[in-house]
Structure formats: C-alpha cells, structure tokens
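The next block holds one structure in the form of structure tokens; read it before the comments.
Just so it is clear, the model here is predicted, and its values are computed rather than measured.
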2 protein chains.
Amino acid sequence: MIKDFECVQESYARDLLREKGLKSTTQRLAVIHVLHTSGKSLSVGEIHDGVKKLLGVAGLATIYRTLDIFEDLGIVKRLHFPDGGHGYAFSRGRHFHHMVCVDCRGVFDFPECPVEWLDYASAEKQGFRVKDHFIQLFGQCDKCAEVA
Amino acid sequence: MIKDFECVQESYARDLLREKGLKSTTQRLAVIHVLHTSGKSLSVGEIHDGVKKLLGVAGLATIYRTLDIFEDLGIVKRLHFPDGGHGYAFSRGRHFHHMVCVDCRGVFDFPECPVEWLDYASAEKQGFRVKDHFIQLFGQCDKCAEVA
DNA sequence: ACTCTAATTGAAAAACATTCTCATTTGACA
DNA sequence: TGTCAAATGAGAATGTTTTTCAATTAGAGT
C-alpha cells in the first residue's frame, strides 16, 4: 500500500480487513478516512469526491464495492433519510444506533438500545421471532439549532 | 372514478385524499388495494404489476407518484431490508412500527414503541434534540419458520 | 346528467444510480 | 524483490426514478 492515513480508525479497519482475508488497499483506507473525518453521513458521490481529492483518481465502482465490504464488517452504516435519500456513515461497531441531524446530516452515536429492553410478547403473540432491528433517530444538532 | 374496491382501507384512503384536496383516482385506490391485500411489503415493480393486473394499464410514473403521496399521508410506509433493497407496505397509521419477515417480506404491526419509553438524556448531553425516529424489526414469521 | 377546469395520467425521454466486465495494477507473503 | 490472487479504473450495461407533455378524468357547480 502507498498511503497511510495513520489514525486509529484506519488501523481498526485494517485489522478487520485482514481478519477476513481482504486487502487493505489505499482506496479502502481512503474511504474510511473520508467518512470518519467528515463526522457526518455522506452520499456515495460525496465519498467518491472525497477519495478523489485524496488520491487523484478513484473509480466509482470501487467506492460501491468498498462500502459494501465495510457495511458487512459493521464499520460503516447505511442510513436512510426521511426524504427518501440515503447515505453512509462511519460507525464504531455493529451494534450502535445513530442520531442524524436532518439539517447537516451530522451523525451522533446513541449508545442505548431501547429495543434490547423490550420483551417481544406482542411479537411472539403473532408468531414472529425477532432477530435483528434497525433504529435511527432524527432531530437537530446543537449547531443547526443555533443557526435556525 | 370508475372502479370501487369497496373495503375499509380504500374509504380510509379516500378520506385522507379528500382532506388534502387530492383526487381519489382509480389508480390510487388500486395501489392501496394491492398493498393491503398482499399483507406484505412489495417492491415498486410488484405494485406496478398488481395495479396493471387490476386495471389493464398503469404508468410506472403514476405508481411512484402515488407511493409518494401515500407515504406523506402516513398510509404507506417505505421499509428497508438488510440486503439494501426496499419496499412499500400498507400501514394503519403514521406511528406504527413494523416487523418484517426476512424470508417472505410479510409485514406485521408492532404496537409498542420502545423509543417512546426512552429518555433522551444521552442525546441531550450531546446537544441533540430528537424529533422523530425510524424503527424496523427483522425476523421470521411462523409460516416461514415452519418451512425452514 | 352535462360542462368546465384543474388535477392526474400514461408513455417516452431524460436523469440518475448501481453493477458488471475485463485488461491492468497492487498488496501480501514468501 | 518476485509471484499471484485480489483489487482497481474505465466505461458499458443495467436498473431505478423523475420529468415532460399531450390526452384523460374526478369532482364541483350547474
């Protein structure tokens, strides 16, 4: 590999990739770098632009392939917005939920998981076995609240 | 309007449309009919096929336009699947959460809202004001569990 | 029922998003 | 350093959603 973005997140990504027998390529580390330093949710196009700025060139297909891999690894989360769009954000691990600012698309960790507190009585009454869940909170971060 | 699918859901949709000054067209009622009778989450293509079967012809653009309207009205929900795909399902009202069977994409109501029980201390500590949320549970329904 | 009008529609084009193919390059390991 | 499978970039192909616009239709008022 040519470049090293030398921060904790990148070496974390490197470890996860190695565990799965995947290569730590410049492009993959650049995607992590872009996502992590932005602190917010980015569209595929924005990630592509960020990686191009970092590396000069980058194929869009590689960005898609990389995001898929990192989503499987749990290091990147796909978030959905009320307007129907979606984006990707760096995530500290598989079981983290996120709050998204609807104005700036900033992403914040939400450490509690209300679903874990839940008993699934009403689910089981319908014969349903819950195996996973997806939660996302929407709102406004303090910076965007000030401006408004 | 030409056709009437004469069931509770369609007259509910009719009322909501009238409230907003929108017309109760054959196509719109057909979308509700298809979604409601299927009892599961359908892709845009499946809804399009269902409406065509009912009406003979139907423009795809109309399906998209109709789903947007009903999503705004809260009568239809867009659901996201772990594989990255998405679909639409009939929803009894704005604040209902859903369980989705990952095998058959069947949709079941989940009446409790764990997020409502939550105090937002950890959100507020980060200066974040929660305004809305999205929850979806994944699992297996009893029919799919039997087969497997 | 009949007319009027703005809202809605279908069809095709346009715009946008994602995946695939394949020749070339690169990271990891010896 | 050399080797080789894995990964990449470029562009084609495919898939999805939105836009445009002339024709049609629902609904309100006769």
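Nearest to the side chain of B:His86, among C:dT18, D:dA10, D:dT17, sits D:dT17. Comparing D:dG9, C:dT9, D:dA7 by their nearest atom to the side chain of B:Thr25 picks out C:dT9. Checking D:dT17, D:dG27, D:dA7 against every side-chain atom of B:Val44, the shortest atom distance belongs to D:dT17.
Note: CG (A:Leu55) to P (C:dT26) measures 12 Å, nearest angstrom. What separates CG of B:Asp49 from P of D:dT16 is a distance of 12 Å, to the nearest Å. When rounded to the nearest whole Å, the span between CG of A:Leu17 and C1' of D:dA6 equals 12 Å. Atoms CG (B:Leu29) and P (D:dT25) sit 15 Å apart, rounded to a whole Å. Atom CG of B:Leu22 and atom P of C:dT5 are 21 Å apart (whole Å). As a whole-Å value, the separation of B:Leu54 CG from C:dG10 P is 13 Å. Atom-to-atom, NZ of B:Lys23 to C1' of C:dC4 comes out at 11 Å; the value is rounded to the nearest Å. The interatomic distance linking B:His48 (NE2) with D:dT16 (C1') rounds to 13 Å, in whole Å.
In this structure the side chain of B:His33 never reaches within 4.5 angstrom of the side chain of B:Gln9, judged on heavy atoms.
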- Message: Between B:Asp68 and B:Arg65, does the salt bridge (Lys or Arg N to Asp or Glu O under 4.0 Å) criterion hold? Intermediate values first, please.
- Response: CA-CA 5 Å; B:Asp68 277 355; B:Arg65 290 183 283 230; over 6 Å; no

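Considering only side-chain N and O atoms, A:Ser24 lies under 4.0 angstrom from the phosphate OP1 or OP2 of C:dA28. Contact annotation: A:Arg18 side-chain N/O to C:dG27 OP1/OP2 distance is not under 4.0 Å. Listed pair A:Thr26 / C:dG27 meets the phosphate criterion, a side-chain N or O lying under 4.0 Å from OP1 or OP2. Taking only side-chain nitrogens and oxygens, A:Gln27 comes nearer than 4.0 Å to OP1 or OP2 of D:dG9.
Evaluation of the ring pair (Phe, Tyr, Trp, His ring centres under 6.0 Å) rule for A:His36 yields A:Phe90 as partners, not counting sequence neighbours. In terms of the ring pair (Phe, Tyr, Trp, His ring centres under 6.0 Å) criterion, residue partners of B:His97 (sequence neighbours excluded) are, by chain and number, B:His95, B:His133. Take B:Phe128 and apply the ring pair (Phe, Tyr, Trp, His ring centres under 6.0 Å) test, not counting sequence neighbours, and it matches A:Phe108. In terms of the ring pair (Phe, Tyr, Trp, His ring centres under 6.0 Å) criterion, residue partners of A:His80 (sequence neighbours excluded) are, by chain and number, A:Phe134, B:His80.
Under a 3.5 Å cut-off, the side chain of A:Arg28 and the backbone N or O of A:Lys23 do form a donor-acceptor pair.
With hydrophobic clusters built from ILVMFWY side chains whose heavy atoms lie under 4.5 angstrom apart, B:Leu17 shares a cluster with B:Leu54.
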Check: protein-nucleotides 19-21 of chain C nitrogen or oxygen pairs below 3.5 Å:
none

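Cation-pi check for A:Arg105 over A:Phe81 is met; the charged atom lies under 6.0 angstrom from the ring centroid and within 45 degrees of its normal.
For the helix from C:dA1-D:dT30 to C:dA30-D:dT1, the rotation axes defined at the first and last 5 base pairs enclose an angle of 50°, given to the nearest 10°.
Inspection of the A:Gln27 and A:Thr66 side chains reveals no N or O donor paired with an N or O acceptor under 3.5 Å.
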